[in-house]
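Below, all heavy atoms of this structure are taken into account, side chains as well, without hydrogens, waters or symmetry copies. The model shown is predicted, which means the values in this text are computed figures rather than measured ones.
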Amino acid sequence: MRPSFHPRLINDPFSDPGLFIPFLFEKRAFIFDLGDLGGLSSKDLLKVSHAFVTHAHMDHFIGFDTLLRIFLGRSKRLHFYGPAGFFVHVEGKLSGYAWNLVAEYEEELVLEVSEVHPDEIRTRTYFCREQFRSHGEIRSRPFDGVLLDETSFTVHGTLLDHRIPCLGLALTERFYVNIMKEGLKELGLPVGPWLNGFKEAIYRETDPDTDFLVTWEEKGGGMRQEKFVFGELTGKIARISPGQKITYITDGAGHTENRTKMVDLAGKSNMLFIEAPFLESEREAARRKYHLTAREAGEIAREAQVSAFRLFHFSPRYKGRERELEKEAREAFIRLR
């Protein structure tokens with residue numbers, strides 16, 4: 001089975017945190033944290049539709065300018081999420097530049113910026129051709145843990161304590177539609193963009209007796225169409241299996257309230273990306289800086305019953321000692337079994 005999402009850390013564990021999540025068969029991606037984005041190509045960045053920023057410390061937010069720069073002059077609606085105070089940080093970035101020429105752009109870049117509070121999400125819109133001035137009233141909706149809800153997946157968030165609010169993030173796929181190449185070959189159908197619409201129809205629980213039109217471009221040009229009964233097509237080319245869950249946790253103290261939130265957010269994840277800046281022997285330093293130790297990361301992974309986890313956000317004091325952090329976390333994960 002090929003998963004729908006292929007998450008990868010943008011940088012090595014001693015560099016700025018960030019997770020890039022491209023979608024299979026789509027020119028789309030999410031990004032968790034906007035630190036140094038030098039590890040991503042322009043092609044990667046142009047896929048981004050939503051950026052979720054845990055908090056506005058420089059190592060998590062300096063890449064905002066990089067992302068903005070590559071989309072200037074393009075027709076795009078970019079969505080940003082961050083904790084309380086995020087409007088001020090975004091507007092501070094935008095106010096650092098002169099925008100007197102942007103009215104001449106033919107394409108409109110729009111920023112949808114959402115600020116996550118304990119009980120509500122507030123959203124403002126910024127238009128490039130209006131020099132990124134805030135447009136209209138702030139819209140508000142209740143926050144019940146869901147940041148984004150689409151047909152095939154949900155992004156959840158929880159507010160952690162890092163002396164300032166910090167978002168923990170989880171991307172959960174409702175179920176996975178695995179396309180069977182043998183079935184496509186038998187029907188003479190190619191892999192292509194039409195499969196996205198087909199999957200959407202499955203997620204929408206389309207009536208199996210409905211006709212479904214497959215349209216694709218043949219080699220050498222020209223379009224071709226074939227009509228199928230949706231349920232019959234699904235039976236021949238699709239297999240349904242449980243969806244994957246990806247969780248990202250960074251910059252949170254290891255006290256009881258935070259740990260409870262982390263375990264709840266990460267529960268049953270296929271992959272947990274979790275910070276481990278310190279060894280347990282320097283637990284007091286971790287406490288002062290509101291970070292986790294590697295042992296705590298391993299314990300949280302075990303308590304959340306994750307299938308696998310990966311550490312990142314190491315303190316530079318451990319250069320050359322990465323294996324100690326990995327070993328401590330792994331032993332804590334196994335010891336609790």
Side-chain angles (χ1 to χ4, degrees), residues 6-21 31-40 44 52-63 66 158 160-164 166-170 246-263 265-266 269-337:
H6 296 269
R8 67 177 188 269
L9 290 170
I10 298 168
N11 301 305
D12 70 68
F14 289 101
S15 300
D16 288 358
L19 187 69
F20 181 67
I21 311 174
I31 195 166
F32 289 174
D33 267 341
L34 291 173
D36 179 2
L37 301 181
L40 296 175
D44 286 333
F52 300 84
V53 178
T54 59
H55 60 300
H57 283 165
M58 182 178 284
D59 55 338
H60 298 259
F61 194 44
I62 198 168
T66 302
T158 192
L160 303 172
D161 175 21
H162 185 51
R163 281 190 286 193
I164 58 173
C166 180
L167 277 173
L169 300 161
I246 301 157
T247 302
Y248 177 86
I249 293 173
T250 186
D251 290 50
H255 56 62
T256 301
E257 182 179 353
N258 262 3
R259 284 186 57 151
T260 298
K261 289 182 177 181
M262 292 174 185
V263 170
L265 181 71
S269 293
N270 298 88
M271 175 60 75
L272 167 63
F273 295 89
I274 187 166
E275 71 154 21
F278 296 95
L279 287 171
E280 185 66 19
S281 60
E282 296 190 83
R283 186 186 185 97
E284 288 307 310
R287 287 290 174 272
R288 288 195 306 271
K289 295 177 181 292
Y290 281 62
H291 281 291
L292 298 175
T293 67
R295 179 186 294 178
E296 289 172 327
E299 290 171 350
I300 290 164
R302 176 60 188 93
E303 290 168 23
Q305 299 180 50
V306 306
S307 299
F309 69 93
R310 184 169 176 185
L311 305 181
F312 69 104
H313 208 7
F314 298 166
S315 168
R317 70 183 68 188
Y318 297 109
K319 279 281 189 179
R321 300 171 60 194
E322 299 92 328
R323 290 186 179 180
E324 293 179 46
L325 292 159
E326 298 283 355
K327 182 173 182 289
E328 182 173 280
R330 186 61 54 187
E331 287 179 350
F333 181 72
I334 294 172
R335 183 167 57 247
L336 290 172
R337 284 182 177 273

Notebook entry, point to check: Are His162 and His60 near enough that their ring centres are under 6.0 Å apart?
Noted result: no

Next item on the list: Taking the side chain as every heavy atom from C-beta outward, state whether Ile249 and Leu160 have any pair of such atoms under 4.5 Å apart.
Entry: yes

Next item on the list: Without swapping roles, check the side chain of Glu280 against the backbone of Thr293 for a donor-acceptor pair under 3.5 Å.
Entry: no

Checklist line | Approximate separation, where rounding is to 0.5 Å, of Arg321 CZ and Glu326 CD | finding: 13.5 Å

Checklist line | 4.5 Å side-chain heavy-atom contact, Asn270 and Thr247 | finding: no

Next item on the list: Test Ile10 against every option in Leu37, Asp36, Asp16 by the side-chain contact (heavy atoms from CB on, under 4.5 Å) rule and name the one that passes.
Entry: Leu37

Margin query: Using ring centroids (six-membered ring only for Trp), state whether Phe309 and Phe333 fall under 6.0 Å.
Written below: yes

Next item on the list: Would you check if Ile31 and Leu19 make a side-chain contact, meaning some heavy-atom pair closer than 4.5 Å?
Entry: no

Next item on the list: Look at the side chain of Thr260 and the backbone N and O of Thr256, then say whether any donor-acceptor pair between them is shorter than 3.5 Å.
Entry: yes

Checklist line | Pro17 side chain near Glu275 side chain, heavy-atom distance below 4.5 Å | finding: no

Next item on the list: Show the numbers, then the answer: is there a side-chain contact (heavy atoms from CB on, under 4.5 Å) between Phe278 and Lys289?
Entry: CA-CA 10 Å; Phe278 296 95; Lys289 295 177 181 292; 3.5 Å; yes

Next item on the list: If a pair satisfies salt bridge (charged side-chain N to carboxylate O under 4.0 Å, His left out) and one of its residues is in residues 249-262, list it, with sequence neighbours excluded.
Entry: Glu257-Lys261, Arg259-Glu299, Arg259-Glu303

Note to self: Glu282: which residues meet the side-chain hydrogen bond (donor to acceptor under 3.5 Å, both in side chains) condition with it, sequence neighbours left out?
What the structure shows: Arg317, Tyr318

Note to self: Quick one, Phe314 and Pro277 - any side-chain contact, counting heavy atoms below 4.5 Å?
What the structure shows: no

Notebook entry, point to check: Does a donor on one side chain sit under 3.5 Å from an acceptor on the other, for Asp33 and Tyr248?
Noted result: yes

Next item on the list: Using a 4.5 Å cut-off on heavy atoms from C-beta on, say whether the side chain of Thr250 contacts that of Ile274.
Entry: no

Notebook entry, point to check: Do you know the tightest heavy-atom contact between Leu325 and Ala294?
Noted result: O-CB, 3.4 Å

Next item on the list: Quick one: closest heavy-atom pair of His55 and Cys166, and the distance?
Entry: ND1-SG, 3.4 Å

Notebook entry, point to check: How would you list, by chain and number, every residue that makes a salt bridge (charged side-chain N to carboxylate O under 4.0 Å, His left out) with Lys327, sequence neighbours excluded?
Noted result: Glu331

Margin query: Go through it in stages, so that I can follow the logic: the residues are Glu324 and Arg295, the test is salt bridge (charged side-chain N to carboxylate O under 4.0 Å, His left out), and I'd like the CA-CA distance, side-chain angles, deciding distance and then a yes or no.
Written below: CA-CA 11 Å; Glu324 293 179 46; Arg295 179 186 294 178; over 6 Å; no

Next item on the list: Using a 4.5 Å cut-off on heavy atoms from C-beta on, say whether the side chain of Glu322 contacts that of Leu311.
Entry: no

Note to self: I'd like to know whether Ile246 forms a side-chain contact (heavy atoms from CB on, under 4.5 Å) with Phe273, so could you lay out the CA-CA distance, the side-chain angles of the two residues, the decisive distance to 0.1 Å, and finally the verdict.
What the structure shows: CA-CA 8 Å; Ile246 301 157; Phe273 295 89; 3.9 Å; yes

Note to self: With rounding to the nearest 0.5 angstrom, report the CD to OG distance, Glu328 to Ser281.
What the structure shows: 7.0 Å

Notebook entry, point to check: Between Phe32 and Thr54, is any pair of side-chain heavy atoms under 4.5 Å apart?
Noted result: no

Next item on the list: Check the side chains of His255 and Asp161 for a donor-acceptor pair under 3.5 angstrom, ignoring hydrogens and angles.
Entry: yes

Next item on the list: Mind checking the OH-CG spacing from Tyr290 to Asn258? Nearest 0.5 Å is all I need.
Entry: 9.5 Å

